Trainee: 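Pasting a structure below so you can have a look.
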Amino acid sequence: MSDPSTASIVSTPGAHPTDSAAPATAGQPQSNEKPRGLLGDAWRDLRRKPLFWISATLIVIFLLMAAFPALFAPGDAVNGSLSRSLNKPSADGWFGYDVQGRDVYARVIYGARASVIVALLSVTGTLLLGGAMGIISGYRGGWVDGLLSRIADVFFGLPFVLGAIVILTTFNGSGSGNSKAEIMGLVIASLVVLSWPVVMRLMRSSVLSTKEADYIVAARALGAGTGRIILKHLLPNCLAPLLVYGTIMVGSFIGAEATLSFLGVGLKSPVVSWGIMISDGKDFIRVAPGLVFFPAAFLVTAVLSFVMLGEAVREALDPKLR
């Protein structure tokens with residue numbers, strides 16, 4: 001008995017091509033829709049989710065606030081007048097004024113810039129460093145895999161907050177005189193150094209489950225080099241877990257930056273960030289609770305937006321969750 005799956009592909013000698021094709025298409029409408037890949041299916045699924053559109057809209061607003069804060073708050077976020085110290089919200093200052101007479105609304109808007117920039121650059125650095133380590137470890141294997149895995153275990157053993165405090169107090173302690181760019185660079189470096197092992201583990205596991213696939217073996221048999229196999233075959237098929245984790249990690253890093261700034265070891269004045277505002281306003285929470293409430297509300301909304309987007313992307317990329 002012949003295999004029906006091969007009979008429709010391989011034609012017998014002397015048979016007319018239209019004879020075998022006609023029964024297969026008889027009574028069936030022809031579709032011009034091109035086959036979609038993983039990302040195409042994910043985008044089609046995402047467009048149907050209200051959670052995706054809500055989180056994406058909020059994220060776009062926060063990105064615009066970070067890039068063009070003057071569009072949302074034309075006021076001065078750095079300088080103030082003591083005559084307006086702790087004034088209540090009004091038409092002139094929607095969120096009121098802090099103890100130094102600075103516009104809280106303007107500071108909340110401008111605070112998005114430092115928090116978003118630190119989070120995005122930290123995530124980019126973490127994905128690049130951890131992804132590269134994971135690809136090398138998973139593809140090479142052997143003693144290279146063992147060495148990189150043990151190095152990652154050492155960083156896994158460091159408590160995140162304690163490690164960040166040690167790094168930042170060493171290089172950004174009181175009296176260090178660092179500029180805005182240097183302060184932000186130190187915070188970004190500390191987040192990257194303490195977070196890359198998680199990305200390394202994710203990429204390593206993806207590479208280990210993919211490198212023995214048939215198309216990888218075929219490419220290697222045809223003489224493809226290591227660089228071509230990694231860039232053309234391994235990397236595109238291992239990015240899905242990193243996209244999901246990277247999206248969620250942006251929200252986590254926004255919260256981590258605010259935590260370090262609140263503790264006094266992260267961003268410092270003259271940088272404006274939500275964590276600094278919460279730290280400055282905690283002593284006046286009974287007199288002016290808006291000094292803590294408004295930056296905390298923006299912080300929570302930003303973190304939840306990226307977490308919700310990451311969950312939506314995870315469900316779209318995982319066929320089992322559709």
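The structure displayed is predicted, hence computed values, not measured ones. Just so it is clear, the values below take in all heavy atoms, side chains as well, and ignore hydrogens, waters and symmetry mates.
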Trainee: Would you check if the side chain of S190 reaches a backbone N or O of V187 as a donor-acceptor pair within less than 3.5 Å?
Mentor: yes
Trainee: I'd like to check V118 versus L191 (side-chain heavy atoms, cut-off strictly below 4.5 Å). Are they in contact?
Mentor: yes
Trainee: For the side chain of T169 and the backbone of V166, is there at least one donor-acceptor N/O pair under 3.5 Å apart?
Mentor: yes
Trainee: Do F294 and M277 have side chains that approach each other closer than 4.5 Å (heavy atoms only, starting at C-beta)?
Mentor: no
Trainee: Any chance CZ of F72 has more than 12 other-residue heavy atoms, nucleotides or ligands included, within less than 6.0 Å?
Mentor: yes
Trainee: Heavy atoms only: give me the nearest Y97-G101 pair and the separation to one decimal.
Mentor: CD2-O, 3.6 Å
Trainee: With sequence neighbours excluded, tell me which residues meet side chain to side chain contact (heavy atoms under 4.5 Å, CB included) with V199.
Mentor: T126, L127, L242, Y245, M249
Trainee: Check for a donor-acceptor pair, side chain of W274 on one end and backbone N or O of V108 on the other, with a separation under 3.5 Å.
Mentor: yes
Trainee: Atom CZ of residue position F68 - does it have more than 12 heavy atoms of other residues, nucleotides or ligands inside 6.0 Å?
Mentor: no
Trainee: If only atom types and distance count, is the side chain of S209 paired as donor or acceptor with the main-chain N or O of S206 below 3.5 Å?
Mentor: yes
Trainee: Quick one: do V207 and R140 satisfy side-chain contact (heavy atoms from CB on, under 4.5 Å)? Show the steps, please.
Mentor: CA-CA 10 Å; V207 171; R140 288 297 183 184; over 6 Å; no
Trainee: Mind jotting down which residue pairs meet the side chain to side chain donor-acceptor pair (under 3.5 Å) criterion with at least one end in residues 99-119? Sequence neighbours excluded, please.
Mentor: D98-R102, S115-E257
Trainee: Minimum heavy-atom separation for A106 to A73, with atom names?
Mentor: CA-CB, 3.8 Å
Trainee: Please name the pair of heavy atoms, one in G138 and one in L208, separated by the smallest distance, quoted to 0.1 Å.
Mentor: O-CD2, 3.5 Å
Trainee: Does some side-chain heavy atom of F95 sit less than 4.5 Å from a side-chain heavy atom of L291?
Mentor: no
Trainee: Are side-chain heavy atoms of L63 and L120 found at a separation under 4.5 Å?
Mentor: yes
Trainee: Distance-only, no hydrogens or angles: does the S279 side chain make a donor-acceptor pair with backbone N or O of G275 under 3.5 Å?
Mentor: no
Trainee: For residues I278 and L299, determine if any side-chain heavy atom of one lies less than 4.5 Å from a side-chain heavy atom of the other.
Mentor: yes
Trainee: M133: what forms a side chain to side chain contact (heavy atoms under 4.5 Å, CB included) with it, not counting sequence neighbours?
Mentor: L129, L148, W196, M200
